[in-house]
Structure formats: structure tokens, C-alpha cells
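Below is one structure; the comments refer to it alone.
Throughout, protein chains are lettered first and strands after them, A, B, ... in sequence-line order, and every chain is numbered starting at 1.
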Amino acid sequence: MAIQPVKGLWWNEPLHRMELIWIFIAFLWGVVMFSAMIYWHIAGQQNLSNEAYRIDPEVFAAKAEAMTEQYQIGEEGDTGVPVVHPPPGSDVYMIARLWEWWPVLEFEKGQSYRLHLSSMDWQHGFSLQPVNINVQVHPNYDLVLTITPDEAGEYTVVCNEFCGIGHHTMVGKIRVVEKQ
Amino acid sequence: MSAGALEGALALPEEKYRVCPDTGLRVYAKAETLIKANAVVAVVFLAVGGLFGLLVALTRWPAVHLLPAEWFYTVLTAHGAAVLLFWVIFFEMAILYFASAVLLNCRLATPKFAWFGFILMVVGSLMATVAVLQGESSVMFTSYVPMKAAPHFYLGLILFAVGALVGCIVFFGTLVIAKEEKTYEGSVPLVTFGAITAAIIAVFTIASGAIILVPTFLWSVGYISNIDTLTYKLVWWAMGHSSQQINVSAHVAVWYAIAALVLGAKPLSEKVSRTAFLLYILFLQLASAHHLLAEPGISSEWKVFNTSYAIYLAVLGSMIHGMSLPGAIEAAQRRRGFNKGIFGWLRQAPWGNPAFSGMFMSLVLFGFLGGISGVVLGTEQINLLMHNTLYVPGHFHATVVAGTTLAFMAITYLVIPLIFRREVIWPAVARWQPYIFGIGVAGISLFMMGAGTLGVARRHWDITFSDSIFTFDYPGTAFLMMGLNGISAILAAIGGLMYVVVVVGSILFGKVRDEAAVKANPIVAPGGAVSAYGSEGTLKLPGTIVLVSVFFMAFVLYYFINWKFLSEVWPLS
């Protein structure tokens with residue numbers, strides 16, 4: 001009875017064979033799952049970068065604005081969010097702030113970009129749909145992801161970290177076009 | 001118990017107790033009153049928090065979209081605080097006092113100090129709830145900085161935590177008294193061992209909470225200028241996730257207690273079950289990392305080691321309990337003669353007893369839905385697919401609601417006759433309650449996980465983005481999932497209401513459980529309480545082997561499917 005005190009040397013009792021086998025299988029499965037994460041770092045294509053820097057929001061914003069000024073190709077939406085087509089392989093910046101992702105980015109399919117993400121105010125959640133890549137965006141931290149879009153189309157950045165009353169209106173865009 | 005008079009003379013004069021006619025255990029009046037008080041406040045918070053939960057689900061059902069945005073975020077914050085913190089922790093205080101004072105035949109240490117803790121908890125929980133409902137603290141359960149809540153929100157949580165710490169100290173003190181006054185022989189019962197596990201993790205949890213909430217409170221009143229967002233998350237989750245591990249330890253202890261009381265079940269091996277609890281103490285706390293897998297500035301080595309509880313050693317503990325519990329039930333049933341075929345013991349289990357049916361559903365749903373999804377979600381790279389999507393609440397509703405809450409509801413059907421000394425009113429309602437609640441919660445968990453797999457964001461008022469400058473449509477299936485989630489939430493709310501009605505009704509109007517009622521309607525399995533300890537190792541348990549094999553195959557299959565999903569997203573490094 002599990003609700004009664006246990007007398008005697010219970011720690012010396014032999015184990016049920018079924019229990020031993022199950023413990024062995026469960027432990028082995030743990031080792032497999034542990035190894036799977038390490039294996040994916042070696043052979044897998046999708047790993048979250050360890051590259052991040054401390055940065056002042058103003059500094060980050062200045063970089064994003066400089067990039068936008070240099071590579072802007074148009075505007076979108078009622079508020080005229082700039083659309084930026086940065087050169088493949090370059091450092092690309094996306095600002096998260098209450099309540100927008102700025103600017104709209106245009107990438108070329110099959111090219112790699114160093115995408116920098118940081119917040120100007122509270123925490124935000126970068127949720128790229130419908131690919132379903134979800135990472136957290138902090139103020140004062142510059143997260144650098146090297147991404148390689150492998151399919152052309154229009155992608156949406158939804159904010160999935162609660163950031164106040166306008167949270168559900170915080171939507172941005174990333175476009176992927178054929179290689180130019 | 002014939003020695004009652006003698007024992008009464010040995011106890012301190014002011015300590016009144018009665019001998020429980022069901023179990024033969026001594027129940028001290030002061031411990032009993034504290035158990036009752038904590039359980040009652042817990043149920044009140046469950047009722048209020050459950051209602052908030054229903055409002056959240058109905059708002060997230062796009063066709064209904066009940067609340068306006070501002071209310072939605074307020075109610076969502078209140079829902080988390082009321083049920084995830086207040087309901088479970090008040091109930092856990094009752095469990096701690098039960099597992100120490102009652103199971104060990106002992107008076108409670110420093111009852112006045114315990115009341116002081118209780119009052120702190122009540123004041124703190126009310127203060128935080130009021131702060132949220134005033135509307136200036138809609139910061140969600142997690143209250144991530146630099147989003148700021150009103151100072152009394154943090155202060156309320158701090159008072160609540162200090163009160164809970166007092167409860168843990170009283171619990172440990174009672175263990176010392178029981179040992180000192182030799183109120184039991186041998187080692188503490190397994191259920192008490194599980195409660196000790198919960199209390200040790202609780203101390204770690206509350207310490208982490210103090211480390212982060214005290215500075216955050218000072219920041220909210222202006223004495224500290226800045227709190228680092230990553231540090232906050234690391235330490236906050238050492239509280240936030242560990243408090244869920246208190247729940248796991250507590251509800252596993254409750255599973256063992258119900259199996260013992262209803263069926264006279266003994267653990268297959270005390271050594272194995274206790275080692276499994278020990279693994280919880282040693283490794284569960286690493287799980288703060290589950291919430292940091294998608295964060296910048298943390299190395300993969302740290303993430304891999306911590307998110308896996310050092311090679312999944314805490315998962316090993318749960319998998320051991322997952323075999324040991326059905327094994328104990330099967331062994332007890334076979335001993336009672338239910339030996340037909342592989343599953344005869346299961347078919348002839350007391351499915352009409354809400355304590356048993358609730359416990360068994362809690363076990364199955366926690367393992368299959370909560371456990372498997374938790375490991376997958378906590379895999380470093382796979383987390384990228386699910387971080388902050390509805391998959392996350394889907395997972396933890398399977399663990400905390402289908403697992404913890406359902407287990408606590410189940411044991412309530414034993415607490416009412418054993419502690420409140422009342423018969424459960426409306427047995428038919430009680431009989432159906434665990435099924436309706438369990439199926440509802442299973443639906444909530446599955447459909448939120450489904451929507452999350454399709455990318456739907458959690459804590460989001462409008463997934464049609466009607467006020468945004470850019471448009472986006474989640475897949476149609478996601479909308480279907482949100483509708484089914486709403487329907488499941490209604491079902492769960494009905495089950496929750498049935499629970500509250502039966503509990504409150506029984507406590508207020510239930511027939512007093514006298515000697516005649518004890519004979520007519522025994523709570524404790526015949527021969528159960530009097531059977532001596534002994535290993536069940538000689539029995540064959542084919543049913544349990546089939547059950548754990550099915551579980552293992554589901555686990556492996558679902559795990560690798562998610563790696564396949566991951567391999568299909570954009571390469572990133």
C-alpha cells in the first residue's frame with residue numbers, strides 16, 4: 001500500500017524483470033533522443049544560431065534604416081512600409097516594435113542572408129508563416145540567423161509573443177522571389 | 001483502533017484527534033481544519049479560473065469571438081494566475097498536510113504558523129487577482145519584462161509564494177515530529193515520499209521566484225532601473241517550470257494514493273518508484289531551458305543538456321511511474337481475481353467510481369498527450385516549429401489540466417468522505433464528471449496542439465488580422481481546430497461545473513458519514529488498508545506490457561514525425 005509506512009529492507013528487494021527491461025528501454029530511448037539533437041547540429045539543416053550581440057535599440061534602428069535607404073525598391077500597405085531588396089549574402093535587419101515588423105524584406109530564392117532581429121521596446125515573437133519558424137525577439141539583443149529561403153512566395157511574420165493591446169495587429173511581410 | 005485511548009493520553013493535551021473509521025488513521029483536528037480550508041479556497045479559484053478559461057476559449061473561437069481585445073488579454077492573465085497558480089498550489093498545501101499529518105498518524109507542526117502561511121496565500125492571491133482585474137496588469141502569466149504590471153501584482157505573488165513556503169516548512173516540521181514521536185514504523189509511505197519530492201521542488205521553486213519577483217517588484221515601483229530580459233526569463237522559469245514539476249510530483253503521489261485506497265494497490269517495487277521520484281528532485285529543475293530554446297544569446301550546448309534534463313533522466317522517472325502505476329493496478333486487480341485474458345483486470349476496474357476513473361484518465365492523458373508532446377516540444381531544434389504557438393498551451397493543458405487537475409478532482413471524491421466526513425451527493429453526477437471533464441480537456445489539448453502545428457499563435461486575440469495593415473490567412477483547418485477547441489472547452493467547463501456543484505453540495509448538504517455509512521459504503525478497498533507491504537514481483541502483468549508498448553511506439557513515431565516536419569522548413573543556422 002502506497003499510503004502505509006514501509007517496514008523492512010525494501011531497497012534490497014529484487015526488481016521485477018519487466019521493470020528492469022522497461023527502465024533499460026526508457027533510458028536507452030533517452031540516450032537516442034539526446035543524441036538526435038547533437039546529430040542534427042552536425043547533419044541537420046535547421047539549427048538556431050548561437051550568434052547574438054548586445055545592442056542598443058537606437059544603434060539597431062540606425063542600421064535597419066541605413067539598409068532600407070540603400071536598397072529600397074518600393075512601398076507597401078496603407079502606411080507605406082518600405083520594401084527592401086538587399087543583396088544576397090548581406091546583413092539584413094528587421095525591427096520589431098509596437099506593433100509592426102519593419103521593413104518588408106525581399107529575398108532571392110536559394111540565397112543565404114544574415115537576418116538580424118531585435119526589438120525596440122518589449123519582447124516580440126518572430127513567427128514566419130506558413131513556413132513555421134518561431135524565434136523570440138528581445139530588446140537589447142541582436143539575434144543573427146543565417147537563413148536560406150528555398151521556395152518563392154509571400155511569407156508573413158506574425159507576432160506570437162504578447163506585446164500589449166495591439167499585439168494581434170502586428171504583422172509583417174517577407175517576399176521570396178526567383179534568383180535575379 | 002483499540003489503542004486509541006492510550007495514544008490519546010500520549011499526545012499533547014491540547015491536540016484533539018479522531019480515529020478514522022475508514023482507514024484507522026489518527027486525524028488531528030488542527031490538521032484536518034487546515035486541509036479543509038486549503039481545499040475549499042482551491043476549489044473557489046478553480047471555479048473562477050475555469051470560467052475565465054471558458055471565456056478565453058470562446059473568444060479564440062473565430063465564429064464566436066466573445067470578448068473585446070482588452071478584456072481578452074485581462075481575462076487570459078487572470079485565468080493563468082487563478083488556476084495554474086492558486087488552484088493547484090492551495091490544493092497542494094492540502095495534500096502536503098494530508099501526506100504528513102494524516103498518513104503519518106501525527107499532529108501537525110506549528111498549526112498557528114500554518115494558518116499564518118494560509119492567510120498570506122489568501123491575501124497574496126486576492127491582491128494579484130484584483131491587480132489583474134483592475135486592467136493595469138494584463139501581462140500574462142509570464143509577465144515578461146520590460147512589460148510592466150502594477151506593483152501590487154508582483155507583491156501579491158510574492159506574498160502568495162511566502163505563504164506557500166511557510167506551508168512547506170510546516171510540512172517538513174511535521175515529518176520531523178512524526179519521526180521524533182515515532183508515530184510510524186519503518187520508512188514513510190510512498191505517497192508521503194512523493195509529497196516530500198513535491199515540497200523539495202517547491203522550496204527551489206519559491207527561492208527562484210523570490211530571486212526574480214523581488215527585483216521585479218522593486219523595478220515596478222522605480223527602485224531598480226532595468227531588468228535584463230534574458231536573465232528574467234531564465235530565473236522566472238526556474239520558478240514557472242519548476243512549479244509545474246511540483247504538480248507532477250504531487251499528482252503522481254495522488255495516483256498512487258487513489259490506487260492504494262480504491263484497489264489496495266501496492267507499487268511493484270518501492271525501490272523503483274522512489275528512485276523515480278528521486279530523479280524528479282535531481283533533474284526536473286533543469287527544465288527552465290524549455291522556455292529558452294528560441295532565445296538569442298544562449299549556447300546550444302547549454303540548451304541541449306538542460307532541455308533534456310541531462311539525457312532525459314527526469315523523463316525516465318515519469319516513464320517509470322507510467323509503467324509502475326498501471327502495473328500496480330493490474331497486480332491488485334489480478335490478486336482480487338480479475339484474471340480473464342490480457343485486459344480483464346482493466347475491463348472490470350471500478351469505472352463507476354469517479355476517484356478511479358478520474359485517476360486512470362489522468363494517467364493516460366498525462367502520458368500520451370502531455371508527456372509525449374512535452375518531450376517533442378522541448379527538443380532543441382523542433383522547438384523552432386512550435387515556440388509560442390498554440391502547441392504550447394495544448395501541451396500544458398494536457399499536463400496541468402488533464403494530468404494534475406483531473407487527478408486532484410479524482411482524489412476529492414475520497415477527501416469528501418474521509419476528511420469532510422460527508423457522503424458525496426448526486427452520485428450519478430459524480431460518476432460522469434471525470435469523463436466529461438476528461439474528454440473536454442483531451443479535446444482542448446489536442447485541438448490546440450493541432451492549431452499550433454499549423455502555426456497559430458498563442459495569446460492572440462484575432463487570428464484573422466482584421467485590423468492589420470497586412471493580411472494573412474492561416475489554413476482553414478486551423479479555424480476548424482479553434483472551433484473544436486471551443487466546443488471542447490464548453491464540455492470541460494460543464495465537467496468543471498459538475499465538480500464544483502458536487503463538491504460544494506456535498507460539503508454543505510451531504511449526509512454526515514457515520515459508522516453505518518462507513519459499513520454500507522466503504523471507501524477503502526476491502527483488505528486494502530490492512531494488507532502488509534510486500535513486493536508484487538511474482539505476478540505476470542501482460543496488460544501493462546501491452547499498454548507501455550503502445551505508449552512507447554506512439555512516442556517514437558510522433559517524435560520522428562516532428563523531425564521530418566523540421567527537415568522541411570527553410571535551412572537556417
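Between the A/Gln46 side chain and the B/Val569 main chain, a donor and an acceptor come within less than 3.5 Å of each other. Between the side chain of B/Lys271 and the main chain of A/Leu15, no donor-acceptor pair closer than 3.5 Å is present. Side chain of B/Gln381 to main chain of A/Met37: a donor-acceptor pair is present (N/O by atom type, distance under 3.5 Å, no hydrogens or angles). At least one donor-acceptor pair under 3.5 Å links the side chain of B/Asn388 to the backbone N or O of A/Asn160.
Of the candidates A/Asp78, A/Val81, A/Thr169, B/Phe470 forms a side chain to side chain contact (heavy atoms under 4.5 Å, CB included) with just one, namely A/Val81.
The heavy-atom pair separating B/Leu454 from A/Asn132 by the smallest distance is C-ND2, 4.3 Å. Nearest approach of A/Ala52 to B/Pro296, heavy atoms of both residues: CB-CB, 3.9 Å. Between B/Trp570 and A/Thr148, the shortest heavy-atom contact is CB-O, 3.9 Å. The two atoms that bring A/Ala36 and B/Tyr559 nearest to each other are CB-OH, 3.4 Å, heavy atoms only. Here the closest heavy-atom approach between residue B/Pro189 and residue A/Pro5 is recorded as CG-N, 3.6 Å.
Your options are B/Asp467, B/Val304, B/Thr544, B/Ile469, and the one with the most heavy-atom pairs under 4.5 Å with chain A is B/Val304. Ranked by heavy-atom pairs under 4.5 Å with chain B, the first of A/Glu76, A/Glu19, A/Gln129, A/Met170 is A/Glu19. Residue with the most contacts toward chain A among B/Val315, B/Leu566, B/Leu316: B/Leu566 (heavy-atom pairs, distance under 4.5 Å).
No part of B/Ser273 comes within reach of chain A, as not one of its non-hydrogen atoms sits under 4.5 angstrom from that chain. For a residue to count as touching a neighbouring chain, one of its non-hydrogen atoms must lie under 4.5 Å from one of that chain's; by this rule B/Val145 touches chain A with the backbone only. Heavy atoms of B/Thr307 lying under 4.5 Å from chain A belong exclusively to its side chain. With a 4.5 angstrom heavy-atom cutoff, B/Leu104 does not touch chain A via any of its atoms. In this structure, the portion of B/Tyr474 lying under 4.5 Å from any heavy atom of chain A is its side chain and not its backbone. Looking at A/Asp121, the atoms closer than 4.5 Å to chain B (heavy atoms on both sides) all sit in the backbone: N, CA, C or O. Neither the backbone nor the side chain of B/Tyr391 comes within less than 4.5 Å of any heavy atom of chain A. Of the two parts of B/Phe98, neither the backbone nor the side chain holds a non-hydrogen atom closer than 4.5 Å to a non-hydrogen atom of chain A. Of the two parts of B/Val188, only the backbone, made up of N, CA, C and O, holds a non-hydrogen atom closer than 4.5 Å to a non-hydrogen atom of chain A. Neither the backbone nor the side chain of A/Arg17 has a heavy atom closer than 4.5 Å to any heavy atom of chain B. For B/Leu230, the parts lying under 4.5 angstrom from a heavy atom of chain A are both the backbone and the side chain. Only the backbone of B/Leu293 comes within less than 4.5 Å of a heavy atom in chain A; its side chain stays farther off. The parts of B/Tyr256 that come within reach of chain A are both its backbone and its side chain, each placing non-hydrogen atoms under 4.5 angstrom from that chain.
Side-chain N/O atoms of B/Ser300 and A/Asn50 include a donor and acceptor closer than 3.5 Å.
Using cut-offs of 30° and 60° on the angle between ring planes, the pair A/Phe162 and B/Tyr73 is tilted.
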- [ ] Output, in order, the C-alpha distance, side-chain angles, deciding distance and verdict of side chain to side chain donor-acceptor pair (under 3.5 Å) for A/His138 and B/Tyr144.
- [x] CA-CA 10 Å; A/His138 287 249; B/Tyr144 289 151; over 6 Å; no
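For B/Trp563 and A/Tyr39, the ring centers sit 6.0 Å or farther from each other.
We find the NE2-CE distance between A/His167 and B/Met140 to be 7.5 Å, quoted to the nearest 0.5 Å.
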